[in-house]
There are 2 protein chains.
Amino acid sequence: MSQTFRHPEILEIARREGKVTVEGLAQHFGVTLQTIRRDLTDMAEAGRLERVHGGAVLPSSTTNIGYEERRALNPSAKAAIARACAAQIPNDISLFLNIGTSTEAVAQELLLHENLMVVTNNMNVANILVANPSCEVVVTGGHLRRSDGGLIGNLATDTIRQFKFDLAVIGCSALDRDGDLLDFDIQEVGVSRAILQQSRRTFLVADHSKFKRSAPARIASLSDIDAFFTDAPLPAALSQSCAIWKTAVSVSE
Amino acid sequence: MSQTFRHPEILEIARREGKVTVEGLAQHFGVTLQTIRRDLTDMAEAGRLERVHGGAVLPSSTTNIGYEERRALNPSAKAAIARACAAQIPNDISLFLNIGTSTEAVAQELLLHENLMVVTNNMNVANILVANPSCEVVVTGGHLRRSDGGLIGNLATDTIRQFKFDLAVIGCSALDRDGDLLDFDIQEVGVSRAILQQSRRTFLVADHSKFKRSAPARIASLSDIDAFFTDAPLPAALSQSCAIWKTAVSVSE
DNA sequence: AAAAAAATGTTCGTTTCTGTTCGGTTTCGC
DNA sequence: GCGAAACCGAACAGAAACGAACATTTTTTT
């Protein structure tokens, strides 16, 4: 409840001018710089503005800043995984790609494939594959998640149930030592499950950073996956399990 | 706070021009070349730009579909229509936007609206409205049409049937002298019909070029529309019809 | 009216940004 | 290929902006 009468007006000015300066606002309201700084920090914490040196700007249109950073994380490793995966994807099939930076990298590698029918719940994947003229792109419906361009919810699941895919390429948020695929978002898990159900074969793409993380929701087990593409050797125990499960493991680079 | 005032504006310029130069930016902002170089390296590290010798370009993955053509055709008229239309759209409603450059222009004008729930079968609209944090975006499923980023087919119609909208803003390919809304694509007509059925009110946006064209499939009549936003006076006969139909007509600049 | 809470002003040490210079690298015209 | 010009990043110093802590004023509560 730390609102002052200045906050709404600062917002209005920011909308009009595109930016506000500490100095300018201090003069405008007849208060000290420090007071304005406090205002701006409060408003930035509330997400109404984005703080910059000397003032503030409207929240960046690219809300998915965390996402951009993730995409930029280790692009070469991601690309290597994606290349290995794309090499195993034949032409002339129907294919699902779900949410995740890794699956986007796969989409990038599929630009030269032919006669694919790709269904996706990832806006970025659709945007990428639009550049492949011999590829039919179908987008599932769903609520658009700003953080990563994913389409989630019942609409997505319902759409997926209407298809049967030759192959699904999925990502996950984390992968634990027992070989369980985990995700942060319960809704997304429903979507992933539906995908696995509707697919004849399944590939998992995940870089080694996923080994270290954990997440609350369980999607499936590596035993349900036909091939796993990653960039670092698996722990010995898990590697053995994969052999038993007949899950092919491809370590790139 | 790892940003400066310049970053958002640089991004904006890059989006508009396709590229930015160190020299040009330095002049534009009145700072030294080195400062701009630092900006560009920062932004490149964050994945928002791609550095090239002498400047920077947009990252290749950020290819918004149809972005080029959108601004090509008489943008000022479209923007005027869109502004007039957006002014009639209240906050806090559910809203459908369909395919067409005109509806995309409306989306652009809705960036400052609040608490909208927007459903769309237009990828470009979704890409635009992602920038409005107080707007929930739902995408219908469908086959992606490359020419305009539209999502069409049964999937789209089915999704739409699951909603009831306070307002629908639609475009059309052509508008004949009898006041009939026409489209080139039969599938798209099915979608448009479904939209009209599920909406309490309906706005049509179409610039005057649509008057001269014709198209084979009939969507509906202007008599089914609550308000029509355009940029040139209607033929006298049609104007009279609209008065009888109680279809409001707004002619912008 | 007194006490408490909140907001604002003031000061000061620290961080961040910017311009300058310099040596190395890339690009471009020949 | 070769050399000049443009461009690049690193390093440094001065300036601007920052946040924390404390004092002061205003508002609210009791």
Side-chain angles (χ1 to χ4, degrees), chain A residues 1-77 79, chain B residues 1-62:
Chain A
M1 174 55 95
S2 53
Q3 265 209 359
T4 121
F5 65 97
R6 276 177 255 108
H7 287 201
E9 193 168 346
I10 291 177
L11 207 57
E12 191 185 321
I13 296 176
R15 291 228 167 101
R16 197 169 52 235
E17 317 270 332
K19 66 176 184 184
V20 289
T21 65
V22 174
E23 187 97 31
L25 289 174
Q27 216 157 349
H28 183 286
F29 289 112
V31 294
T32 53
L33 302 174
Q34 186 57 37
T35 303
I36 296 297
R37 287 203 192 101
R38 278 188 274 246
D39 286 340
L40 295 185
T41 342
D42 290 351
M43 295 173 74
E45 262 167 26
R48 318 292 303 254
L49 283 181
E50 209 164 285
R51 196 71 215 281
V52 300
H53 216 85
V57 295
L58 292 174
S60 136
S61 50
T62 50
T63 328
N64 41 18
I65 185 162
Y67 184 70
E68 301 281 359
E69 275 167 13
R70 246 188 309 147
R71 193 200 317 244
L73 209 45
N74 42 357
S76 62
Chain B
M1 176 182 30
S2 53
Q3 265 198 3
T4 114
F5 284 126
R6 284 173 250 108
H7 287 199
E9 195 168 345
I10 290 177
L11 208 56
E12 191 186 320
I13 296 175
R15 281 207 234 274
R16 197 169 52 234
E17 318 267 330
K19 63 167 188 183
V20 289
T21 65
V22 174
E23 185 94 32
L25 289 175
Q27 215 156 348
H28 182 289
F29 290 111
V31 294
T32 53
L33 302 174
Q34 186 56 35
T35 303
I36 295 297
R37 288 204 191 98
R38 277 189 276 246
D39 287 341
L40 296 185
T41 10
D42 289 351
M43 295 173 74
E45 260 167 29
R48 315 232 250 169
L49 283 181
E50 217 160 273
R51 197 70 216 279
V52 298
H53 210 84
V57 296
L58 291 173
S60 47
S61 59
T62 340

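Quick note on labels: first sequence line is chain A, next is B, and so on, each numbered from 1. These figures come from a predicted structure and were not determined experimentally.
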Any side-chain N or O of [X] less than 4.0 Å from the OP1 or OP2 oxygen of [N]?
{"X": "T35(B)", "N": "dG19(C)", "result": "yes"}
{"X": "T32(A)", "N": "dT8(C)", "result": "no"}
{"X": "R51(A)", "N": "dC18(D)", "result": "yes"}
{"X": "R37(B)", "N": "dT20(C)", "result": "no"}

Using whole Å, what does the distance between atom [atom2] of nucleotide [N] and atom [atom1] of [X] come to?
{"X": "R38(A)", "N": "dA20(D)", "atom1": "CZ", "atom2": "P", "result": "11 Å"}
{"X": "L25(B)", "N": "dG19(C)", "atom1": "CG", "atom2": "C1'", "result": "17 Å"}
{"X": "L40(B)", "N": "dG9(D)", "atom1": "CG", "atom2": "P", "result": "9 Å"}
{"X": "I36(A)", "N": "dT8(C)", "atom1": "CD1", "atom2": "P", "result": "9 Å"}
{"X": "D42(A)", "N": "dT8(C)", "atom1": "CG", "atom2": "P", "result": "10 Å"}
{"X": "D39(A)", "N": "dT8(C)", "atom1": "CG", "atom2": "P", "result": "7 Å"}
{"X": "F5(B)", "N": "dT18(C)", "atom1": "CZ", "atom2": "P", "result": "10 Å"}
{"X": "L33(A)", "N": "dA7(C)", "atom1": "CG", "atom2": "C1'", "result": "16 Å"}

So which atom in [X] and which in [Y] form the shortest heavy-atom distance, rounded to 0.1 Å?
{"X": "A14(A)", "Y": "L49(A)", "answer": "CB-CD2, 3.9 Å"}
{"X": "L25(B)", "Y": "V20(B)", "answer": "CD1-CB, 3.7 Å"}
{"X": "F5(B)", "Y": "H53(A)", "answer": "CE1-O, 3.8 Å"}

Which of these nucleotides, dC7(D), dC8(D), dT18(C), is closest to any side-chain atom of E23(B)?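 Closest of the options to the side chain of E23(B): dC7(D).
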What nucleotide among dT10(C), dC17(C), dT20(C) has an atom nearest to a side-chain atom of R6(B)?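 Nearest to the side chain of R6(B) among the choices is dC17(C).
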Given protein heavy atoms under 4.0 Å, the one-letter contact record of nucleotides 23-30 of chain C, with B base, S sugar-phosphate only and - none, is simply ---SS---
Note, [X] side chain near [Y] side chain (heavy atom, < 4.5 Å):
{"X": "L33(A)", "Y": "I36(A)", "result": "no"}
{"X": "R51(B)", "Y": "R37(B)", "result": "yes"}
{"X": "E9(B)", "Y": "H28(B)", "result": "yes"}

What pairs with T35(B) under side-chain hydrogen bond (donor to acceptor under 3.5 Å, both in side chains), at least two apart in sequence or on another chain?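 Applying side-chain hydrogen bond (donor to acceptor under 3.5 Å, both in side chains) to T35(B) gives T32(B).
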